[in-house]
Engineer: 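Supplied in structure tokens, the structure appears directly below.
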Number of protein chains: 2
Amino acid sequence: MSEVNALKNDDTPKRVGSPVFQFSNSVDCVIFGYDAGVLKVLLIKSDLPQFFGQWSVLGDHVLVDEDLDRASYRVLRERTGLTNMFLEQVKTFSAIDRHPNGRVITTAYISLVNVKDHQLNILDNELQWHPVADVTTMAFDHKLILDTCLSTLRKKIQEEPIIFNLLEKKFSLRDLQLLFEEILHIEFDRRNFRKKLFATGMLKDEHEMESGVPHRPGKLYSFNKEAFEKVKGKSFVGLQF
Amino acid sequence: MSEVNALKNDDTPKRVGSPVFQFSNSVDCVIFGYDAGVLKVLLIKSDLPQFFGQWSVLGDHVLVDEDLDRASYRVLRERTGLTNMFLEQVKTFSAIDRHPNGRVITTAYISLVNVKDHQLNILDNELQWHPVADVTTMAFDHKLILDTCLSTLRKKIQEEPIIFNLLEKKFSLRDLQLLFEEILHIEFDRRNFRKKLFATGMLKDEHEMESGVPHRPGKLYSFNKEAFEKVKGKSFVGLQF
DNA sequence: ACAAAAGTGTTCAAATTACACCCATGG
DNA sequence: CCATGGGTGTAATTTGAACACTTTTGT
């Protein structure tokens with residue numbers, strides 16, 4: 001208790017320490033994209049001289065009049081031009097020495113965007129897509145943040161239909177399967193995969209075909225959000241451990 | 001970008017805003033316990049006059065020389081005397097007006113403790129166990145925090161063997177089943193439940209029986225951590241959505 | 001015509017569910 | 001002896017896994 005008592009700053013008997021307004025908070029957005037069959041992450045060359053030449057995920061300090069969700073939304077809007085992206089809090093990182101300029105606590109967000117989206121204008125050439133598998137060292141603790149978000153991504157795509165955010169609006173079943181396989185590093189049997197996905201009722205037949213492919217074109221589907229919303233509440237109780 | 005530019009405090013062209021060390025960070029520990037067949041949460045009467053008479057979960061401000069994990073660990077140690085409890089970060093809450101004294105961002109932790117643990121000494125009568133189902137309004141945004149942690153608990157006990165933290169070291173299968181049922185609000189078939197749990201290999205037969213029960217005594221088991229560690233890595237790929 | 005992937009069913013194994021009787025203990 | 005829950009097995013159903021051939025398109 002000694003540290004706590006040492007920080008008390010009035011006479012009121014308090015059970016806990018008093019606020020110490022000496023922290024800065026930031027958000028870091030791990031933005032995943034999928035291009036040419038490869039899972040990618042959007043990185044920027046670090047601002048700080050201490051990390052010169054190293055890449056980091058997109059972040060910014062939280063402003064005093066915004067919450068974390070808004071801050072991360074702002075970062076994505078400013079960087080990519082997108083405004084309706086999938087964005088979700090993952091974890092908060094708080095190692096004492098994680099930021100050279102002082103005590104900065106950062107909350108990591110995961111975002112899934114469609115790289116081919118027309119709104120997505122990345123002109124800044126200090127901002128680039130990197131294949132996730134090629135990223136080794138990064139500025140700050142961003143490698144840890146990236147790895148954590150990648151684990152979260154792997155888990156979440158199996159629990160919720162968020163993977164569609166990485167594809168264009170209309171996609172073939174092959175696109176979808178290859179994307180699952182790229183992220184999870186496993187291979188699915190094509191027939192079983194199709195059966196399973198159709199069974200969810202989440203695929204809307206767009207009654208269109210691929211074009212320009214050097215083989216028999218596949219049908220195009222889109223994510224049927226309405227159908228998913230209806231089934232969503234289903235209680236899953238497996239005790240799978 | 002206007003807000004960001006407004007906060008720049010030097011001449012260096014920066015892509016992002018500069019740190020604003022005007023925040024306080026706290027941790028809030030949602031401590032779950034299980035007693036008399038009821039899931040409970042450990043709450044304390046609020047410190048603040050604004051929330052007089054209302055209950056809140058156990059929290060404290062993060063000190064400038066500790067990270068969030070250490071801060072939450074400290075809170076639990078100081079409050080309950082326990083030192084080796086299950087403790088895991090859940091989510092960070094950051095609404096601008098969540099704390100009346102200023103901009104306090106809090107990170108919620110979930111903890112599972114054994115209420116009957118001998119180390120657990122709760123003398124302070126402003127600190128009490130409440131049945132989770134009875135908690136309605138709370139101080140700050142703590143009801144939201146509690147609800148979030150309860151959802152997380154429900155999900156996690158189905159994915160990882162953390163539920164054993166709520167039971168005494170030796171327990172009967174009945175204890176375990178009732179606890180699952182209490183948390184998930186569903187009922188299991190007793191035979192299937194036993195089959196499933198035995199199949200995990202995580203139950204170690206303690207070759208002891210219950211005593212003092214007004215019916216045929218059941219065998220006592222403990223959680224076989226070693227057996228679990230071996231099986232843990234098994235790749236689960238279900239695409240269950 | 002060839003290469004490449006689309007589309008499509010069945011069979012087998014495994015997991016899950018539903019279900020009922022006798023047993024041991026305390027009161 | 002009665003009430004309460006302990007302990008056990010089997011059959012039916014559902015789900016998941018493995019597997020091959022024909023079709024369509026571009027080159």
Side-chain angles (χ1 to χ4, degrees), chain A residues 34 36-37 157-159 167-168 170-182 184-222 231 234-241, chain B residues 34 36-38 157-159 161 167-168 170-182 184-222 231 234-241:
Chain A
Y34 178 60
I157 60 170
Q158 297 176 61
E159 295 171 348
L167 293 170
E168 296 181 76
K170 296 174 185 179
F171 50 84
S172 67
L173 271 173
R174 168 154 229 260
D175 294 334
L176 184 57
Q177 181 174 346
L178 287 176
L179 178 50
F180 266 113
E181 292 178 344
E182 161 73 3
L184 297 176
H185 295 139
I186 54 171
E187 295 193 355
F188 293 100
D189 175 273
R190 186 159 51 96
R191 278 168 291 190
N192 294 338
F193 180 83
R194 297 164 77 91
K195 230 181 299 177
K196 181 131 204 169
L197 268 290
F198 286 134
T200 65
M202 294 185 319
L203 296 181
K204 183 155 95 197
D205 188 340
E206 290 285 335
H207 301 288
E208 280 180 59
M209 305 298 261
E210 287 180 295
S211 58
V213 288
H215 57 76
R216 173 174 175 179
K219 291 178 84 169
L220 295 180
Y221 298 88
S222 63
V231 189
K234 89 178 166 173
S235 71
F236 155 73
V237 179
L239 300 188
Q240 53 197 198
F241 287 142
Chain B
Y34 178 61
V38 178
I157 59 170
Q158 297 176 63
E159 296 171 348
L167 293 170
E168 295 181 75
K170 297 175 186 179
F171 50 84
S172 68
L173 272 172
R174 167 154 229 258
D175 294 334
L176 184 57
Q177 181 173 348
L178 288 176
L179 178 50
F180 266 113
E181 293 178 343
E182 162 73 2
L184 298 176
H185 294 142
I186 55 172
E187 294 193 357
F188 293 100
D189 175 273
R190 186 159 51 98
R191 276 167 295 191
N192 295 338
F193 179 82
R194 298 165 77 89
K195 229 182 300 179
K196 181 131 205 168
L197 267 289
F198 285 134
T200 65
M202 294 184 321
L203 296 181
K204 184 156 93 196
D205 188 339
E206 290 284 336
H207 301 289
E208 281 180 59
M209 305 297 261
E210 288 181 296
S211 58
V213 288
H215 56 77
R216 175 175 172 178
K219 290 178 84 171
L220 295 179
Y221 298 88
S222 61
V231 190
K234 88 176 169 175
S235 71
F236 156 71
V237 179
L239 302 185
Q240 53 197 197
F241 288 142

Engineer: Rounded to the nearest angstrom, tell me the gap between atom CZ in B:F188 and atom P in C:dC19.
Structural biologist: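 Whole-Å distance recorded here is 17 Å.
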Engineer: Would you please name every residue forming a ring pair (Phe, Tyr, Trp, His ring centres under 6.0 Å) with A:F193, sequence neighbours left out?
Structural biologist: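 So A:F193 forms a ring pair (Phe, Tyr, Trp, His ring centres under 6.0 Å) with A:F180, A:F188.
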Engineer: Please enumerate all protein N or O atoms sitting under 3.5 Å from an N or O of nucleotides 23-27 of chain C, with distances to 0.1 Å.
Structural biologist:
residue	atom	partner	partner atom	Å
C:dC23	O2	B:R216	NH1	3.2
C:dA24	O4'	B:R216	NE	3.4
C:dA24	N3	B:R216	N	3.4

Engineer: Rounded off to whole Å, could you give me the CG-to-C1' distance for the A:N192 and C:dG9 pair?
Structural biologist: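 Going from CG in A:N192 over to C1' in C:dG9 covers 11 Å.
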Engineer: Are OP1 or OP2 of D:dG6 and a side-chain N or O of B:K219 less than 4.0 angstrom apart?
Structural biologist: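 No, B:K219 has no side-chain N/O under 4.0 Å of OP1/OP2 on D:dG6.
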Engineer: Could you give the CG-to-C1' distance, from A:L173 to C:dA6, as a whole number of Å?
Structural biologist: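 So the CG-C1' distance, A:L173 to C:dA6, works out to 10 Å.
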Engineer: Would you kindly give the CZ-to-C1' distance between A:F198 and C:dA6, to the nearest whole Å?
Structural biologist: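 Atom CZ in A:F198 sits about 11 Å away from atom C1' in C:dA6.
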Engineer: Angle between the end axes of the helix from C:dA1-D:dT27 to C:dG27-D:dC1, five pairs per end, to the nearest 10 degrees?
Structural biologist: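 Result, rounded to 10 degrees: 10°.
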Engineer: Select one nucleotide: of C:dT8, D:dG9, C:dT16, the one nearest the side-chain heavy atoms of A:R194.
Structural biologist: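 The listed nucleotide nearest to A:R194's side chain is C:dT8.
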Engineer: Taking the side chain as every heavy atom from C-beta outward, state whether A:I157 and A:L179 have any pair of such atoms under 4.5 Å apart.
Structural biologist: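 Result no, sub-4.5 Å side-chain heavy-atom pair not found.
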Engineer: Hey, are the side chains of B:K219 and B:E208 touching, using non-hydrogen atoms and a 4.5 Å cut-off?
Structural biologist: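 They are not in contact (no side-chain heavy atoms under 4.5 Å apart), so the answer is no.
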Engineer: What is the distance, to the nearest angstrom, from the CZ atom on A:R190 to the P atom on C:dT8?
Structural biologist: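 Checked: the CZ to P distance equals 11 Å.
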Engineer: The criterion is side chain to side chain contact (heavy atoms under 4.5 Å, CB included); which residues satisfy it with B:R190, sequence neighbours excluded?
Structural biologist: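 Partners of B:R190 by the side chain to side chain contact (heavy atoms under 4.5 Å, CB included) criterion, ordered by chain and then number, come out as B:Q177, B:R194.
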Engineer: A:K195 NZ to D:dC19 P: how many Å, rounded?
Structural biologist: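 In whole Å, D:dC19 P lies 13 Å from A:K195 NZ.
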Engineer: Mind calculating the distance between CG (A:D175) and P (C:dA6) to the nearest angstrom?
Structural biologist: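 Nearest whole value for this atom pair: 9 Å.
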Engineer: Please tell me which of A:G218 and A:D189 maps to the more 5' nucleotide of DNA chain C, matching each residue to the nucleotide holding its nearest heavy atom.
Structural biologist: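 Here A:G218 is the residue nearer the 5' end.
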Engineer: Name the closest nucleotide to the A:R174 side chain, picking from D:dA17, C:dA5, D:dG9.
Structural biologist: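 From the listed options, C:dA5 comes nearest.
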Engineer: Crowded around B:E187 CD? As in, over 12 foreign heavy atoms under 6.0 Å?
Structural biologist: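 Open.
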Engineer: Quick check on C:dG9: is either OP1 or OP2 less than 4.0 Å from any side-chain nitrogen or oxygen of A:R191?
Structural biologist: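 For C:dG9, OP1/OP2 do not have a side-chain N/O of A:R191 under 4.0 Å.
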Engineer: Taking only residues two or more places apart in sequence or in another chain, which ones pass ring pair (Phe, Tyr, Trp, His ring centres under 6.0 Å) with B:Y221?
Structural biologist: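 Listed in chain order: B:F198.
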Engineer: Which heavy atom of A:S172 sits nearest to which heavy atom of A:E210, and what is that distance?
Structural biologist: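 That closest heavy-atom pairing would be OG-OE2, 3.8 Å.
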Engineer: Side-chain contact, heavy-atom cut-off 4.5 Å: A:E168 with A:K170?
Structural biologist: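 Not touching, per the 4.5 Å side-chain cut-off.
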Engineer: Holding to salt bridge (Lys or Arg N to Asp or Glu O under 4.0 Å), I want the full list of residues that pass it with A:E181, two or more places apart in sequence or in another chain.
Structural biologist: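 Scan of A:E181 (salt bridge (Lys or Arg N to Asp or Glu O under 4.0 Å), adjacent residues dropped) gives none.
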Engineer: Could you give the CG-to-P distance, from A:L203 to C:dA6, as a whole number of Å?
Structural biologist: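 Spelled out: CG on A:L203 to P on C:dA6 is 14 Å.
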